[in-house]
2 protein chains.
Amino acid sequence: MEDIHLIVAKNLKVIREQEKLSLEKVAQLSGVSKTMIGQIERGESSPTLTTIWKIANGLKISFTALINNPQPDTTVVLRNEIQVLCEDSGKYRVYPAFPFQDDRRFEVYTVEIDKDGHLQAEGHREGTEEFITVFDGALTIHVDDGHYTIKSGDSIRFKADKPHSYTNTSNTLTRLSMTIYYPPFQ
Amino acid sequence: MEDIHLIVAKNLKVIREQEKLSLEKVAQLSGVSKTMIGQIERGESSPTLTTIWKIANGLKISFTALINNPQPDTTVVLRNEIQVLCEDSGKYRVYPAFPFQDDRRFEVYTVEIDKDGHLQAEGHREGTEEFITVFDGALTIHVDDGHYTIKSGDSIRFKADKPHSYTNTSNTLTRLSMTIYYPPFQ
DNA sequence: TTATTTTGTACATTATAACATACGCCATTT
DNA sequence: AAATGGCGTATGTTATAATGTACAAAATAA
């Protein structure tokens with residue numbers, strides 16, 4: 001239960017059944033076809049904004065009542081279930097453990113870099129910072145003409161709004177945890 | 001500036017320019033094509049939920065930052081600019097002055113009923129109430145076997161979660177203001 | 001100036017959201 | 001049991017969201 005249209009699916013179905021409304025009834029209240037209402041509820045369709053708007057208005061509920069995902073108090077993320085992202089021919093692997101969400105201003109990744117693995121990254125948004133702790137191997141970070149080598153157990157924090165690079169400068173697999181902070185707008 | 005996709009259009013353009021990002025850049029950050037970003041900004045497209053989600057994540061902003069419509073302190077609604085809804089062959093005309101919105105729990109209509117005009121309405125959601133003040137003519141409301149005649153200057157409040165009807169029982173045009181209250185869920 | 005890059009839009013195509021219709025299922029009811 | 005009505009799903013079609021390519025204007029560099 002992660003993808004946005006699945007959240008809407010769940011919310012809509014709950015609200016509709018709570019109100020004891022048929023698909024037909026929701027259709028005529030909202031002006032959206034019965035078929036589409038059904039597909040949205042089953043998660044078979046990613047509705048457009050105007051469709052969501054029509055439904056919210058028809059049911060006299062707020063837009064966010066449909067897109068809100070009531071977060072549980074606890075979330076367990078299994079490594080095997082994370083969609084891994086690869087760079088440098090698979091030598092640099094990113095596991096997004098806690099992706100960016102709503103007003104949370106950070107995201108947490110686990111990164112694995114094979115021996116000789118390397119990644120050159122562009123600068124992120126103005127004010128963005130990275131917080132890295134190395135658990136195995138050693139990492140060398142180049143940023144702003146300087147370079148820093150972080151060994152297992154050590155950590156680094158740096159402003160990531162300029163181009164920077166990560167290199168495994170050990171002879172083994174390097175594993176690290178990376179938290180990226182994005183400052184709010186304005 | 002009313003329709004939901006126009007709100008997103010405005011918000012996206014403001015944020016993008018604020019961050020000095022090109023369409024191209026937003027495209028690669030979000031994984032949504034440059035063309036689509038442009039169309040959304042120009043209000044030429046009503047994006048799907050997944051597209052909005054991709055953009056929000058790419059820019060590291062909340063979903064609501066895109067769909068939020070910063071309401072002005074004052075809103076003037078001209079009668080001529082309201083989309084009028086007609087029933088009973090045009091004898092019953094509804095002007096939605098303040099439609100339902102977000103967590104506001106009511107909406108305000110102006111209604112005009114010609115001589116002999118009539119409307120049979122189904123019951124609204126459980127707990128829904130209507131508040132009517134008649135300004136011209138006279139209105140007879142049937143609900144739950146009872147009927148009430150409201151003359152110019154008078155008002156009525158009734159639970160509208162059962163079938164009810166409105167009839168102009170005067171010899172002239174009847175005009176009234178109707179506020180409908182929808183109770184929150186749960 | 002001319003050349004070059006960058007940026008936003010126009011166009012043609014593909015993918016899919018949205019709709020109208022029809023069908024099958026599970027209730028009641030008779 | 002048969003018939004009826006309400007409800008959700010499957011199907012085929014249309015509208016439009018989404019993409020890729022190409023183009024034109026503006027900005028930058030030479």
Is it true that [Y] and [X] share a donor-acceptor pair across their side chains at a distance under 3.5 Å?
X	Y	value
T35(A)	S33(A)	no
T167(B)	T169(B)	no
R79(A)	Y95(A)	yes

Practice task
Using a 4.5 Å cut-off on heavy atoms from C-beta on, say whether the side chain of E122(B) contacts that of K25(A).
Solution key: yes
Practice task
Report yes if some heavy atom in the side chain of I141(A) is under 4.5 Å from a heavy atom in the side chain of I132(A); otherwise report no.
Solution key: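 They are in contact (side-chain heavy atoms under 4.5 Å apart), so the answer is yes.
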Interatomic distance where [atom1] belongs to [X] and [atom2] belongs to [N] [whole Å]:
X	N	atom1	atom2	result
Q28(A)	dC19(C)	CD	P	14 Å
I52(A)	dA18(C)	CD1	C1'	13 Å
K13(B)	dT7(C)	NZ	P	14 Å

Fill in the blank from the handout: Within residues 35-47 of chain A, those residues having any heavy atom closer than 4.0 Å to DNA chain C are T35(A), M36(A), E44(A), S45(A), S46(A), P47(A)
Problem - Partner set under side-chain contact (heavy atoms from CB on, under 4.5 Å) for K34(B), not counting sequence neighbours - result: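 So K34(B) forms a side-chain contact (heavy atoms from CB on, under 4.5 Å) with L23(B), E24(B), A27(B).
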Practice task
From the options Y181(B), Y166(B), F106(B), Y109(B), select the one residue that forms a side chain to side chain contact (heavy atoms under 4.5 Å, CB included) with E130(B).
Solution key: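 Checked Y181(B), Y166(B), F106(B), Y109(B) against E130(B); only one passes side chain to side chain contact (heavy atoms under 4.5 Å, CB included): Y166(B).
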Practice task
For the pair D88(A) (side chain) and H118(A) (backbone), establish whether a donor and an acceptor sit closer than 3.5 Å, ignoring hydrogens and angles.
Solution key: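 Here the side-chain-to-backbone pair exists.
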Completion exercise
Sequence neighbours excluded, the answer for side chain to side chain donor-acceptor pair (under 3.5 Å) partners of H5(B) is none
Handout entry: Any R16(B) side-chain N or O less than 4.0 Å from OP1/OP2 of dG8(C)
Key =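 For dG8(C), OP1 or OP2 has a side-chain N or O of R16(B) closer than 4.0 Å.
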Problem - Those residues that, when tested against R93(B), pass salt bridge (Lys or Arg N to Asp or Glu O under 4.0 Å) (two or more places apart) - result: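 Salt bridge (Lys or Arg N to Asp or Glu O under 4.0 Å) list for R93(B), sorted by chain: E112(B), D114(B).
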Practice task
Would you mind classifying the nucleic acid contact of S33(A) as base, sugar-phosphate or nothing, using non-hydrogen atoms under 4.0 angstrom?
Solution key: base
Fill in the blank from the handout: Protein heavy-atom contacts under 4.0 Å, written 5' to 3' over nucleotides 23-29 of chain C as B (base), S (sugar-phosphate only) or - (none), form the string -------
Handout entry: Leading and trailing nucleotides of DNA chain D with any atom under 4.0 Å from heavy atoms of chain B
Key = dA17(D) to dT21(D)
Handout entry: With E129(A), the salt bridge (charged side-chain N to carboxylate O under 4.0 Å, His left out) member among K159(A), R157(A), K162(A)
Key =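 Exactly one pass, corresponding to R157(A).
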